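Worksheet: the structure to be examined is printed underneath.
In this text, all values refer to a predicted model and were calculated from it rather than measured experimentally. Residue numbering restarts at 1 for every chain, and letters A, B, ... go by the order of the sequence lines.
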Protein chains: 2
Amino acid sequence: MADMLVEQRQELLLRELHATGAVRVAELAQRFGVSTGTIRRDLQELADLGRLTKVRGGAILLDRASSRPDTADEPAAPPAPEAAPPAGDRTLGLLVPSATYYYPRVLAGVREVAARRGARVVIGLTNVDRPRDVRQIEELCDSGVAGILAATTGPHHLPEETLAALRDCGRPYVLMERQPLDPYEPCQYVITDHRQGAFLAVKHLRSLGHDRVALYLTDTPTASVVREGWTDAVRALGLDPAAPVIDAERTALGSSHAARQYDAFIDGCLAGGVRAALVHSDHDAIELLQRLRARGMRSPEDLALIAYDDEIAALAEVPLTAVSPPKRQLGELAAEMLLDQLDAHPSAPRRVTMQPRLIIRRSCGAKEESG
Amino acid sequence: MADMLVEQRQELLLRELHATGAVRVAELAQRFGVSTGTIRRDLQELADLGRLTKVRGGAILLDRASSRPDTADEPAAPPAPEAAPPAGDRTLGLLVPSATYYYPRVLAGVREVAARRGARVVIGLTNVDRPRDVRQIEELCDSGVAGILAATTGPHHLPEETLAALRDCGRPYVLMERQPLDPYEPCQYVITDHRQGAFLAVKHLRSLGHDRVALYLTDTPTASVVREGWTDAVRALGLDPAAPVIDAERTALGSSHAARQYDAFIDGCLAGGVRAALVHSDHDAIELLQRLRARGMRSPEDLALIAYDDEIAALAEVPLTAVSPPKRQLGELAAEMLLDQLDAHPSAPRRVTMQPRLIIRRSCGAKEESG
DNA sequence: ATAGAAACAATCAACTTCGTTCATCAAGCT
DNA sequence: AGCTTGATGAACGAAGTTGATTGTTTCTAT
């Protein structure tokens with residue numbers, strides 16, 4: 001997931017350019033996590049296509065070479081040397097660990113609010129393969145953002161180092177899907193109650209008659225919370241606590257190792273007479289679905305599934321019932337909170353927990369809801 | 001590995017493409033459990049049909065220029081609140097435990113939002129002397145309110161009986177300054193982080209040089225949380241844990257019993273060499289102030305005080321530094337949340353914790369802040 | 001004016017992805 | 001059984017992409 005397509009990168013680049021009127025090579029390289037050489041090549045290409053004009057240090061919108069009779073010695077000025085970061089007053093810096101999973105929806109929410117309230121958004125990418133949260137935070141600050149919306153890499157509870165970087169940047173910030181370990185740390189955040197999400201899923205399966213519900217977890221920040229919800233639900237609803245729980249390693253999708261993990265999980269379920277499972281991450285649920293079919297079983301008949309995340313659950317061959325975090329609303333709310341800070345709205349710091357919904361589709365064996 | 005029809009696979013591929021704006025060959029191959037060659041063939045076919053644009057590494061929508069990463073978000077199924085009560089009637093029922101302390105500010109916030117959004121507010125009173133939460137909830141419902149904002153009597157964590165009454169009334173509700181004990185209870189609330197408030201106060205006194213901070217608590221729902229904050233702060237900041245803590249009984253103002261409690265507290269402080277205290281409830285802080293003066297002592301010189309609640313702290317003879325919960329904003333937010341529900345805004349249930357502020361005045365001995 | 005810093009273009013090696021070709025396999029038909 | 005068809009996986013050389021390096025140009029501060 002680390003890399004995006006060239007076209008995606010250039011698209012983002014252009015978007016940024018149109019939003020600010022100017023982009024800088026070094027900045028873009030940082031943000032996208034590629035070398036300056038690559039950015040230069042992108043700029044060259046886009047310039048050849050007439051989509052922008054290269055100038056020293058970066059690129060600007062149109063061709064403007066001939067106007068400006070004055071300041072002939074300053075032709076390259078427009079890319080806004082960091083002295084005047086483009087209208088930095090109301091620019092929100094957004095730090096996300098993935099440009100392709102989960103966070104696009106969050107971003108959409110942020111965008112909407114920003115647009116409505118007349119603010120701009122710039123994105124800094126970080127990810128598991130190459131975590132560089134602190135670096136990106138500093139970059140965003142240097143580029144003159146007024147505040148930061150941060151969904152960091154790493155665990156649900158921010159490491160002190162990252163938190164320090166945010167504190168030190170001297171700008172308001174709002175965490176998204178992350179929170180500090182110390183409850184007394186004065187900061188704002190918006191998180192989804194994944195624990196509740198897992199609980200909802202188990203409860204639903206329970207209501208469909210299952211008294212054993214397996215759990216498949218992948219190694220992500222969310223896993224521990226999902227497990228908590230599952231555990232609590234199992235206890236509270238009187239289910240069999242011996243149902244299989246697998247902590248799958250993060251694998252290259254489709255690797256034989258992955259296949260083995262799916263098989264082990266299925267075997268575990270069969271052995272224990274378990275006919276229902278909560279599977280963390282849509283992708284794994286989809287893979288599991290295929291593995292099931294490959295072995296001559298079907299969902300929901302042989303194994304009722306509920307996926308966690310609802311990114312692409314609807315697209316599975318058997319549409320997956322899924323726990324759906326309110327990603328878009330989360331983005332909206334975080335943006336609102338940050339903008340409130342920036343606009344000196346005297347609003348008290350808030351910590352918000354949002355509840356996910358359960359979206360009933362086919363894979364759990366219940367009657368499907370309309371919608 | 002599997003037997004998926006070609007058409008099926010391509011259909012899924014397209015849906016994924018539309019959902020995320022871009023797909024990668026390698027990723028798809030792994031997800032579908034086929035070789036990259038197969039995916040390439042798929043892409044070629046679909047590209048020939050003009051359904052997507054192939055690019056190196058994968059495919060994007062259409063012809064770049066118009067690829068939109070932020071596509072439709074969630075299915076956005078309106079949760080359809082059970083047959084919306086008397087459509088159009090938008091009366092909010094407000095349940096508060098006091099019409100004179102703390103809640104007037106909250107009410108002001110509720111009123112403002114209600115007015116702005118064209119709703120009415122009716123109030124039901126309950127209180128410590130005559131708790132009748134359940135009764136009042138039923139009353140409010142009978143009188144036809146569309147939803148309830150509830151700050152109940154009793155402990156911070158709602159008793160099951162009260163919660164049941166709210167659930168049973170069949171209308172949306174939002175708790176204010178209260179929350180259910182069960183974290184899985186699906187309900188919305190807005191609370192103030194009084195623990196943080198107490199922590200802030202102790203921390204401030206610590207920064208003024210006090211290494212012993214006494215605590216005066218009255219028997220209210222907030223007391224236990226304030227104590228928690230005090231305890232955590234004492235531990236975290238390395239203060240003397242032996243400083244006096246008094247759990248005062250709720251007394252008639254000015255009674256001799258009250259006076260005895262204040263005296264006991266002051267004596268305790270004197271005996272332990274404690275020169276700073278956090279006093280829960282403005283009223284008690286003010287009384288304490290008078291008692292101090294009656295005994296020839298002054299604040300902050302002899303005893304630095306921080307009051308908790310900031311209702312009338314500013315009006316004391318020595319203006320009291322106080323922890324100030326964002327009461328008005330709390331009311332506003334709760335009202336917004338309830339109205340969102342009523343208006344079938346498909347908004348995810350939220351749980352909000354608001355952070356109180358510390359307002360520096362004279363009684364703590366620090367330089368006073370403006371504002 | 002000049003030294004030093006920053007930005008640049010060109011180039012290369014490592015790597016990924018591409019398209020083609022070929023062998024395999026299953027299903028349907030003769 | 002034998003043949004055909006279509007889908008697929010594997011292999012391989014070709015082509016595209018990228019990070020690093022290098023030498024040059026441009027800018028800035030002294």
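Heavy-atom neighbours of A/Arg295 CZ from other residues, nucleotides or ligands within 6.0 Å: above the threshold of 12.
Of the two residues near DNA chain D, B/Asp42 and A/Thr38, the one whose nearest nucleotide lies more 5' is B/Asp42.
A/Phe265 pairs by the ring pair (Phe, Tyr, Trp, His ring centres under 6.0 Å) definition with A/Tyr216, not counting sequence neighbours.
Going from atom CD of B/Gln44 over to atom C1' of D/dT8 covers 17 Å, rounded to whole Å.
The pair A/Glu45-A/Arg41 fails the salt-bridge criterion, with no side-chain N (NZ, NE, NH1 or NH2) lying under 4.0 Å from an Asp/Glu carboxylate O.
Side-chain atoms of A/Arg41 and base atoms of D/dG19 include a donor and an acceptor less than 3.5 Å apart.
Note on A/Ser35: a base of the nucleic acid sits closer than 4.0 angstrom, heavy atoms only. Among the heavy atoms of the strands, none lies under 4.0 Å from A/Gly37.
For A/Arg40, the side-chain atoms get nearest to C/dA7 when compared with the rest of C/dA7, C/dT17, D/dT17. Between C/dG19, C/dA9, C/dC18, one nucleotide has an atom nearer to the side chain of B/Val25 than all others, and that is C/dC18. The listed nucleotides are D/dG9, D/dT26, C/dG19; the one nearest the side chain of A/Arg56 is D/dT26.
At a cut-off of 3.5 Å, with distance as the only test, no side-chain donor of A/Glu177 or A/Tyr189 sits close to an acceptor on the other residue.
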